[in-house]
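Written below as structure tokens is the structure these notes are about.
Just so we're clear, the structure is a prediction, and the values are computed from it rather than from any experiment.
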Amino acid sequence: MTDTLTPAEALDYLRTLSADIEEAAVLAADGSLLAGPEHLAEPARALLAAVPGAGDVEVSTAEGSVFAARGDGHAVVLVCGRYALPALVRFDLRIVLGDLAGARRDVA
């Protein structure tokens, strides 16, 4: 069974998983903003363009972290507070990308 999420539902779902998410966006494969604030779109595209071959990326500072992951059809970018758990956030991003594509695998 697959569950396909809309981009807006994907962001809502991610926010239920972590109180550390401060901003979030979903981009289409062409870089167009599908969900999230407009002011995050250009920085999200720039981050993804800086690592063209990477499936996911994490940038950390003392104030927080930015996580991004991409699949064939979508990319998701999260701006998180400094207490976000990187491995968990990256796992959640992969699950949501699968849900966006309608190809989620059971993870239990």
Side-chain angles (χ1 to χ4, degrees):
M1 181 173 144
T2 61
D3 296 318
T4 302
L5 294 178
T6 67
E9 289 170 337
L11 295 185
D12 289 342
Y13 176 63
L14 284 165
R15 285 191 173 98
T16 67
L17 298 175
S18 176
D20 292 306
I21 297 172
E22 297 174 359
E23 297 269 12
V26 177
L27 304 177
D30 66 2
S32 59
L33 181 66
L34 299 176
E38 185 64 41
H39 70 269
L40 190 56
E42 189 54 40
R45 285 190 283 268
L47 175 63
L48 292 164
V51 289
D56 60 53
V57 64
E58 173 189 349
V59 178
S60 296
T61 70
E63 296 177 20
S65 299
V66 176
F67 300 90
R70 66 178 131 213
D72 293 336
H74 300 90
V76 181
V77 177
L78 303 177
V79 178
C80 297
R82 64 183 181 156
Y83 298 112
L85 300 173
L88 188 56
V89 172
R90 291 168 94 157
F91 176 81
D92 292 343
L93 283 171
R94 286 280 150 214
I95 294 299
V96 166
L97 282 172
D99 288 347
L100 284 165
R104 182 178 190 176
R105 293 182 244 162
D106 289 332
V107 294

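Asp30 CG: more than 12 foreign heavy atoms inside a 6.0 Å radius. Shown here is Arg15, whose CZ atom has more than 12 heavy atoms of other residues, nucleotides or ligands within 6.0 Å.
In the hydrophobic clustering of ILVMFWY residues, with side-chain heavy atoms under 4.5 Å counting as a link, Val76 and Tyr13 come out together. Tracing side-chain contacts under 4.5 Å through hydrophobic residues (I, L, V, M, F, W, Y), one never reaches Leu100 starting from Leu33; they form parts of separate clusters. By the rule that hydrophobic residues join a cluster once side-chain heavy atoms approach within less than 4.5 Å of another member, Leu85 and Phe91 end up as members of separate clusters. Val77 and Val59 fall within a single hydrophobic cluster, where Ile, Leu, Val, Met, Phe, Trp and Tyr side chains are chained together by heavy-atom contacts under 4.5 Å. The same ILVMFWY cluster, assembled from side-chain heavy atoms under 4.5 Å apart, contains both Leu17 and Val89.
Take Glu42 and apply the salt bridge (Lys or Arg N to Asp or Glu O under 4.0 Å) test, not counting sequence neighbours, and it matches Arg45. The salt bridge (Lys or Arg N to Asp or Glu O under 4.0 Å) test applied to Glu58 returns Arg90, not counting sequence neighbours.
Residue Ser65 comes nearest to Ser60 through the heavy atom pair OG-OG, 3.0 Å, listed as atom of the first residue, atom of the second, then distance. Gly55 approaches Arg94 most closely through the heavy-atom pair O-NH2, 2.5 Å. Of all heavy-atom pairs spanning Ala10 and Leu5, the tightest one is CA-CD1, 3.8 Å. Taking each heavy atom of Phe67 and Ala84 in turn, the nearest pair found is CE1-CB, 4.3 Å. For the pair Ala35 and Ala8, the tightest heavy-atom approach, listed with the atom from each and the gap, is CB-N, 3.7 Å. Heavy-atom minimum distance, Leu40 versus Pro43: O-CD, 3.3 Å.
Side-chain contact between Arg70 and Val51 is present, with at least one heavy-atom pair separated by less than 4.5 Å.
Separating the CG atom in Leu88 from the CG atom in Asp92 is a distance of 4.5 Å, to the nearest 0.5 Å.
Each of Leu97, Leu14, Leu11 was checked for a side-chain contact (heavy atoms from CB on, under 4.5 Å) with Val26, and the lone residue meeting it is Leu11. Each of Val66, Val96, Leu93 was compared with Leu78 under the side-chain contact (heavy atoms from CB on, under 4.5 Å) criterion, and only Leu93 meets it.
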